[in-house]
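Here's the structure we're looking at; comments come further down.
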Amino acid sequence: MRHRFTQAVWLLLALIFLPGAVHAAAPLSDEAYFDKVRGAWLGKCIGGALGMPIEGWPYTRIESTYPKITGYLGYFENGQVGWSGQLQSLEVPKDGEWHAMEFRVTVPAHDTATAYAAPIIGLSPEFTNYPVGLAVRNLRMEQPKADIPGDGERWMASGGVAWQQDGSAQYACPADRAWLRLRQAEARGLNLTPGDTVVITLDARWAANDNHLGFAFDWLSREPRKGFGPDDDTSYQIVGLNTLEKYGPDISCRQLGKEWCDHLPAIDKVLAEGLALERMRAGIEPPESGRHPIGEAIGGQMKGEIWGLICPGNPTLAAEYARRDGVVAHCDNGVYGEQFIAAMTSAAFEEKDVRRIVETALKQIPADSKYAETVRWVIEMHDAGRDWREVRNTVVKKYPNACNPVYADTGIVTLVLLYGGGDFEKTITMAACCGSDTDCDTASVGALVGCIIGANAIPAKWIEPIGDEFRCFVQGSENWSIAELSKRICAIGRRVAKHHGTGMKFTAPI
């Protein structure tokens, strides 16, 4: 009897104290739940704000421009408050040769007390027939106040345009806006006023399809931007929250799709979400709405956190909710990305070790999927002791195309979490140095580590510019207090837990 009693005592002690031992987690208090949810949401916004100014940059350019990242890279400097509309359009000859061309425009009237003008050169649906293939080089802006050469240091590329190593800017746009815009510091210093004449000379070459290149001005606020958003990484998650609040915990993919149709603005069809929205509005319901040529893009991975936040400590349930949401706009590995992020977020309520969180989430997606294969591949390189930059370079070389399909960003999120080791600032700045879809990836890891450590442990310098303000593009839900949003997530999370108990009580179809 004494022997068996002693064995039982040792077994109990082992379960309590041994590393990695399985034991029942303490109940999640309301205070702790709120702190972790708020930490995840702040981390999501912080990561998005850090990564957005360098979205689409290759890591080589990021490292040469920002050898050490210790803070934000310009997101909060000034927000856009309007634009002039197209002022001039050039028609590039369709012969594949370089042609010297010139824009000559007068700065229109605008409120110079509250905004300043930033010249932009590019494409917009208002005057362009897509797709477009153009290139420009030797860009120079001349006017009485300055003579500004055109390069990546002074002109920011956005949308479907990117600077090349030879100094040209390539416009390769299937269906989206694409602009070169004079950087904020240059435009602010230039301080153009109504009536000023701006002359821009450049060489342009046509490559394919439409051949129009336009000129306009963005009006940028003189006051710093406050808060975060709107942005797609966070806005789609608000649709998920609203759907849960409206229909209750037993939601279906078709109910989620209906809320998309009812409350989202038109989205460009170059994105999986825009294509799915068009299909749903044409009568194709989920899950078929997500089966299309770009269904394995990053959109699921970028928006999975909400399901983990409403299922704290229940990765299996979080992954099931993520599946129902994922199939609205994605399929296969695109859906697995959302399930992976949701499961990691859920696990972060009970586990602080990032490696174990990653491995827990892996169990929620098909082991033979390419998504899981990519995660395991990065784990193997990490465990082999390779430097994180070497792993990054290897991932990007194997998967050079960001966003679609999702694998480059799968690899980046995984490697950054493993090498970041749960350190908030180290993790998000490392993600920013990886290139690819920087705003999505940096936001994803910021949210997870923010959930692990809680809002109270996030360094104040990262929180201060965001404060408590969050905006999204979901119609009827545009403006939020992050604290109030966190309270609502906690409330629906408690409701979800009560409904499901320890299982998954779904009666609605997927």
Side-chain angles (χ1 to χ4, degrees), residues 36-37 39-52 54-56 228-229 231-238 240 272-273 296-309 315 318-319 322 325-326 330 333-348 354 357-358 360-362 364-365 371 374-375 378 388 392 395 399 402-453 458 462 470:
K36 282 180 168 288
V37 170
W41 211 260
L42 282 169
K44 186 77 172 177
C45 295
I46 290 166
L50 173 60
M52 204 171 293
I54 53 174
E55 181 181 5
F228 178 76
D231 185 50
D232 54 355
D233 294 45
T234 45
S235 292
Y236 295 115
Q237 301 195 51
I238 297 301
E273 294 78 11
E296 294 188 291
I298 195 176
Q301 178 175 289
M302 79 179 184
K303 63 183 175 71
E305 292 87 6
I306 186 66
W307 310 113
L309 297 178
D325 181 62
H330 295 83
N333 289 282
V335 176
Y336 305 152
E338 184 161 346
Q339 292 181 289
F340 184 70
I341 293 293
M344 283 202 299
T345 306
S346 175
V354 175
I357 289 173
V358 170
T360 295
L362 261 181
Q364 303 303 324
I365 62 175
Y371 194 100
T374 303
V375 173
V378 173
W388 75 267
R392 173 201 62 190
V395 169
Y399 300 114
C403 303
N404 182 38
V406 68
Y407 309 122
D409 302 284
T410 303
I412 287 170
V413 165
T414 304
L415 80 88
V416 166
L417 289 174
L418 294 174
Y419 286 90
D423 180 294
F424 184 82
E425 182 164 318
K426 181 180 180 182
T427 301
I428 63 171
T429 54
M430 188 183 295
C433 291
C434 286
S436 197
D437 199 342
T438 48
D439 69 321
C440 290
D441 299 341
T442 308
S444 291
V445 299
L448 183 71
V449 179
C451 188
I452 294 171
I453 66 176
I458 297 176
W462 293 104
F470 161 69

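Predicted model only: the values in this text are computed from it and were never measured. Side chains are part of it too, since the values below use all heavy atoms of this structure and drop only hydrogens, waters and symmetry mates.
Ser444 and Met302 get closest at one heavy-atom pair: OG-CA, 4.2 Å. Of all the heavy atoms in Pro315 and Thr360, the pair that sits closest is CG-CG2, 3.9 Å. Here the closest non-hydrogen pair linking Trp41 and Ile238 is CZ2-CD1, 4.2 Å. Residues Val395 and Gly411 share a closest heavy-atom pair of CG1-CA, 4.1 Å.
Aromatic ring pairs are classed by plane angle as parallel below 30°, tilted from 30° to 60° and perpendicular above 60°; the pair Tyr399 and Tyr407 is tilted.
Under the rule for a side-chain hydrogen bond (donor to acceptor under 3.5 Å, both in side chains), Asp437 has no partner lying at least two apart in sequence or in another chain. Considering only residues two or more places apart in sequence or on other chains, Ala322 meets the side-chain contact (heavy atoms from CB on, under 4.5 Å) condition with Trp307, Glu338, Gln339, Ala342. Residues passing the side-chain contact (heavy atoms from CB on, under 4.5 Å) test with Ala432, sequence neighbours excluded: Leu50, Ile54, Ile69, Thr442. When the side-chain contact (heavy atoms from CB on, under 4.5 Å) test is applied to Val354, the partners found at least two apart in sequence or on another chain are Val358, Leu417, Ile452. Residues passing the side-chain hydrogen bond (donor to acceptor under 3.5 Å, both in side chains) test with Tyr336, sequence neighbours excluded: none. By the side-chain contact (heavy atoms from CB on, under 4.5 Å) test, Asn404 pairs with Ile294, Ala297, sequence neighbours left out. For Thr414, there are no side-chain hydrogen bond (donor to acceptor under 3.5 Å, both in side chains) partners two or more places apart in sequence or in a different chain. Judged as a salt bridge (charged side-chain N to carboxylate O under 4.0 Å, His left out), and not counting sequence neighbours, the contacts of Asp325 are Lys303. Under the rule for a ring-ring contact (aromatic ring centres under 6.0 Å, His included), the partners of Tyr236 that lie at least two apart in sequence or sit in another chain are Trp260, Phe473. Under the side-chain hydrogen bond (donor to acceptor under 3.5 Å, both in side chains) criterion, Gln364 pairs with Thr316, not counting sequence neighbours.
For Glu296 (side chain) and Gly334 (main-chain N/O), no donor-acceptor pair under 3.5 Å exists by modelled atom type. Side chain of Asp409 to main chain of Cys403: a donor-acceptor pair is present (N/O by atom type, distance under 3.5 Å, no hydrogens or angles). A donor-acceptor pair under 3.5 Å is formed between the side chain of Arg392 and the backbone N or O of Cys433.
Contact of the Met52 side chain with the Thr438 side chain is not registered, since no non-hydrogen atoms from C-beta on lie closer than 4.5 Å. Proximity of Trp388 to Leu418: side-chain heavy atoms (C-beta onward) are nowhere separated by under 4.5 Å. Proximity of Cys451 to Leu309: side-chain heavy atoms (C-beta onward) are separated by under 4.5 Å at one or more points. Two residues are said to be in side-chain contact when any heavy atoms from C-beta on lie closer than 4.5 Å; Gln237 and Lys44 meet this criterion. Ile341 is listed as a side-chain neighbour of Glu305, based on a closest heavy-atom distance under 4.5 Å. Put simply, the side chain of Gln301 reaches to within 4.5 Å of the side chain of Asp441, judged on heavy atoms.
Here Tyr371 and Phe340 bring their ring centres to under 6.0 angstrom of each other.
Listed by first then second residue, pairs satisfying salt bridge (Lys or Arg N to Asp or Glu O under 4.0 Å) with a partner in residues 418-431 read Glu425-Lys461, not counting sequence neighbours.
Taking SG of Cys434 as the start and CD1 of Ile412 as the end, the distance is 5.0 Å to the nearest 0.5 Å. The CZ atom of Phe228 sits 11.5 Å away from the CG atom of Leu42 when rounded to the nearest 0.5 Å. Between atom CH2 of residue Trp462 and atom SG of residue Cys45 there is a gap of 14.0 Å, rounded to the nearest 0.5 Å.
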